[in-house]
Amino acid sequence: MLFLQHSSNHKEFHNNVYQLYHILHRSYIILNTDTSRGLTSLGWNRRMSQHALLSLGAKAWRCLYCPKSELRLDLTLECGQTFRWRETGKGHWTGVMGGRVWTLTQTDDTLWYHVYRCREDPDHVNGRKRKKAEDSQELWKKFKEMAEVKVEEDDKSLCVSTSEQDAKDEEVLKDYFQLSVKLEDLYKEWGDADPHFRRTGNIFSGLRMLRQDPVECLFSFICSSNNHITRIQGMVERLCGRFGTLLCELDGTCYHDFPSIEALAESSVQAQLRDLGFGYRARFLQESAHQIISCHNPEWLHTLRNVPYLEARASLLKLPGVGPKVADCVCLMSLDKSEAVPVDTHVWQIARRDYNYDAGSKTKTLTNKVYKEIGDLFRQRWGSYAGWAHSVLFCADLKKFQKLKETPTIKEEKNQAKME
DNA sequence: CGAAGACCTTT
DNA sequence: AAGGTCTTC
């Protein structure tokens with residue numbers, strides 16, 4: 001591990017780190033003490049409750065070699081496969097992964113990550129709200145003592161080179177983003193087999209499927225039916241806030257773990273979800289959770305990673321609120337079924353518009369037959385990672401990413417204007 | 001097998 | 001209408 005002293009010049013500091021990094025070509029830890037604010041308990045508290053920013057450097061950041069062609073955080077975290085990551089700073093995304101809160105960002109060929117260590121806070125252990133602790137002088141005093149101890153512990157743990165926890169963190173990150181899958185090679189394969197893909201693939205590079213927790217994936221997508229993304233995000237947030245364990249608070253935002261299946265299986269959950277605005281999906285969520293607990297076991301969803309695609313899909317279809325589209329989302333995004341192609345009205349439109357699929361334009365609704373034909377069409381064209389390729393085109397059609405398509409055109413126009 | 005309608009709420 | 005699912009005909 002490298003231990004570098006912070007200089008007054010951030011840029012110079014980072015450049016130095018970069019040079020060393022490229023020599024070693026492995027991950028490292030930056031221990032960057034923010035001296036401007038001092039290490040009073042209050043200062044510590046305020047600092048620890050803020051989102052991390054790479055440019056401020058007040059937190060411990062680690063990183064990984066990872067070019068944008070292999071991963072683009074903006075596309076990957078905002079294409080609708082996950083609903084819980086938020087851009088908490090320019091190019092910085094904060095969310096929950098493996099039961100802990102992370103902030104991620106990237107520079108040229110580097111993926112940076114910070115893991116928050118605030119689970120040991122006394123009021124978090126007891127599951128109480130921070131506000132209450134602040135109201136009580138005594139608790140506040142205790143908290144300050146804890147804070148001072150914590151600073152030392154934190155420094156110590158960070159000074160230990162490649163501690164077990166650090167190695168685990170890196171594994172969690174690599175696993176979640178499936179970084180062992182060489183995305184650039186896949187894009188080339190898809191582009192070679194499909195000129196239309198090549199066009200959009202050039203602009204929308206670095207979009208990869210996450211390997212999400214099956215529980216979070218299943219219950220999030222049960223919420224997605226006949227619904228739009230902004231509302232789904234709000235619903236999932238409320239679901240976690242009400243039934244999930246509090247992990248930490250940053251800049252006034254509370255981060256909770258995703259609820260356990262057991263917590264969602266309680267019969268009282270249904271009415272509570274109704275109150276939280278889940279509509280008819282409240283019943284689906286609670287009944288699916290109950291069915292998993294009573295017919296199988298809490299680990300059952302994870303075991304579906306080890307069975308063939310169609311078998312896992314068929315098992316999921318038995319759950320209430322889970323149809324073909326939701327089942328395929330869960331298969332693709334959390335159960336290692338890269339060939340699963342979720343077909344919704346949008347994908348149906350893409351198939352007709354860009355791939356001459358007119359056999360299904362006769363029917364008014366998305367029938368099972370049409371659904372299967374579109375999935376097979378894309379699987380035939382793109383191969384065993386068809387689900388990954390499909391989501392690139394799906395993402396390229398999202399309204400929020402339309403501006404990305406314009407950029408090259410504008411550049412071309414500018415270049416043309418210059419030449420003239 | 002396919003079409004039609006209900007289903008909760010919010011953007 | 002919204003990134004569907006379920007039930008009925």
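In the text below, chain A, chain B and the rest are named by the order of the sequence lines, each starting its count at 1.
- One finds a salt bridge joining A:Asp169 and A:Arg100 here, because a Lys/Arg side-chain nitrogen approaches an Asp/Glu carboxylate oxygen to under 4.0 Å.
- A:Gly321 comes within 4.0 angstrom of the backbone, heavy atoms only, and of no base.
- Cation-pi geometry between A:Arg352 and A:Trp348 is met: under 6.0 angstrom from the ring centre, within 45 degrees of the axis.
- Summarising the geometry, the separation between CZ on A:Phe219 and C1' on C:dT5 is reported as 16 Å, rounded to the nearest angstrom.
- Note: A:Tyr187 and A:Phe197 meet the aromatic proximity criterion, with ring centroids under 6.0 Å apart.
- Using cut-offs of 30° and 60° on the angle between ring planes, the pair A:Phe401 and A:Phe204 is perpendicular.
- Between A:Gln270 and A:Glu287, the closest side-chain pair of non-hydrogen atoms falls below 4.5 Å.
- For the residue pair A:Tyr116 and A:Thr103, a side-chain donor N or O sits within less than 3.5 Å of a side-chain acceptor on the partner.
- Between A:Tyr385 and A:Trp388, the ring-plane angle classifies as perpendicular under the 30° and 60° cut-offs.
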Practice item. Would you sketch DNA chain B in dot-bracket for me? Only Watson-Crick or G-U wobble pairs with both distances under 3.5 Å count, crossing pairs as [ ], other-strand pairs as |, the rest as dots. Key: .||||||.||.
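- Distance, A:Leu393 CG to C:dG3 P: 18 Å, rounded to whole Å.
- You'll find the side chain of A:Arg62 stays beyond 4.5 Å of the side chain of A:Glu170, heavy atoms only.
- At a non-hydrogen distance threshold of 4.0 Å, A:Asn226, A:His228, A:Thr230, A:Arg231 from residues 222-233 of chain A come into contact with DNA chain B.
- Across all strands, A:Phe221 comes closer than 4.0 Å to no nucleic acid atom at all (heavy-atom distances).
- With both ends at atom P, the span from C:dT5 to B:dT11 equals 23 Å, rounded to whole Å.
- A heavy atom closer than 4.0 Å to some atom of DNA chain B occurs in A:Arg274, A:Gly279, A:Tyr280, A:Arg281, these being the qualifying members of residues 270-292 of chain A.
- A tilted orientation is assigned to the rings of A:Trp85 and A:Tyr176, their planes being inclined by 30° to 60°.
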Review point. Passes salt bridge (Lys or Arg N to Asp or Glu O under 4.0 Å), A:Arg199 versus A:Asp354? Steps please.
Key: CA-CA 12 Å; A:Arg199 277 194 295 278; A:Asp354 303 328; over 6 Å; no
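- Using a 30° and 60° split on the angle between ring planes, A:Trp61 and A:Trp112 fall in the perpendicular class, above 60°.
- A straight line from CG of A:Leu398 to P of C:dA2 spans 13 Å, rounded to a whole angstrom.
- Between A:Lys182 and A:Leu186 there is no side-chain heavy-atom pair separated by less than 4.5 Å.
- Nucleotides of DNA chain B with any atom under 4.0 Å from a heavy atom of chain A span, from 5' to 3', B:dG2 to B:dT11.
- Within residues 322-347 of chain A, the residues approaching DNA chain C are A:Val322, A:Gly323, A:Pro324, A:Lys325, A:Val326, A:Asp344, A:Thr345, by heavy-atom distance under 4.0 Å.
- Ion pairing between A:Asp192 and A:Lys188 holds under the 4.0 Å rule for side-chain N and carboxylate O.
- For the pair A:Cys295 and A:Trp300, the minimum side-chain heavy-atom distance is 4.5 Å or more.
- A heavy-atom distance below 4.5 Å is not found between the side chains of A:Arg84 and A:Tyr255.
- Here the separation of B:dT10 from C:dC6, taken at their C1' atoms, is 22 Å to the nearest Å.
- Applying a 4.0 Å cut-off to non-hydrogen atoms, none of the residues of residues 363-373 of chain A approaches DNA chain C.
- Side chain to side chain, A:Tyr371 and A:Asp328 meet the donor-acceptor criterion of an N or O pair below 3.5 Å.
- Here the straight-line distance linking atom CG of A:Leu335 with atom CG of A:Leu301 works out to 7.0 Å at 0.5 Å rounding.
- Ion pairing of A:Arg86 with A:Glu237 is present here, as a side-chain N (NZ or NE/NH1/NH2) and a carboxylate O approach within less than 4.0 Å.
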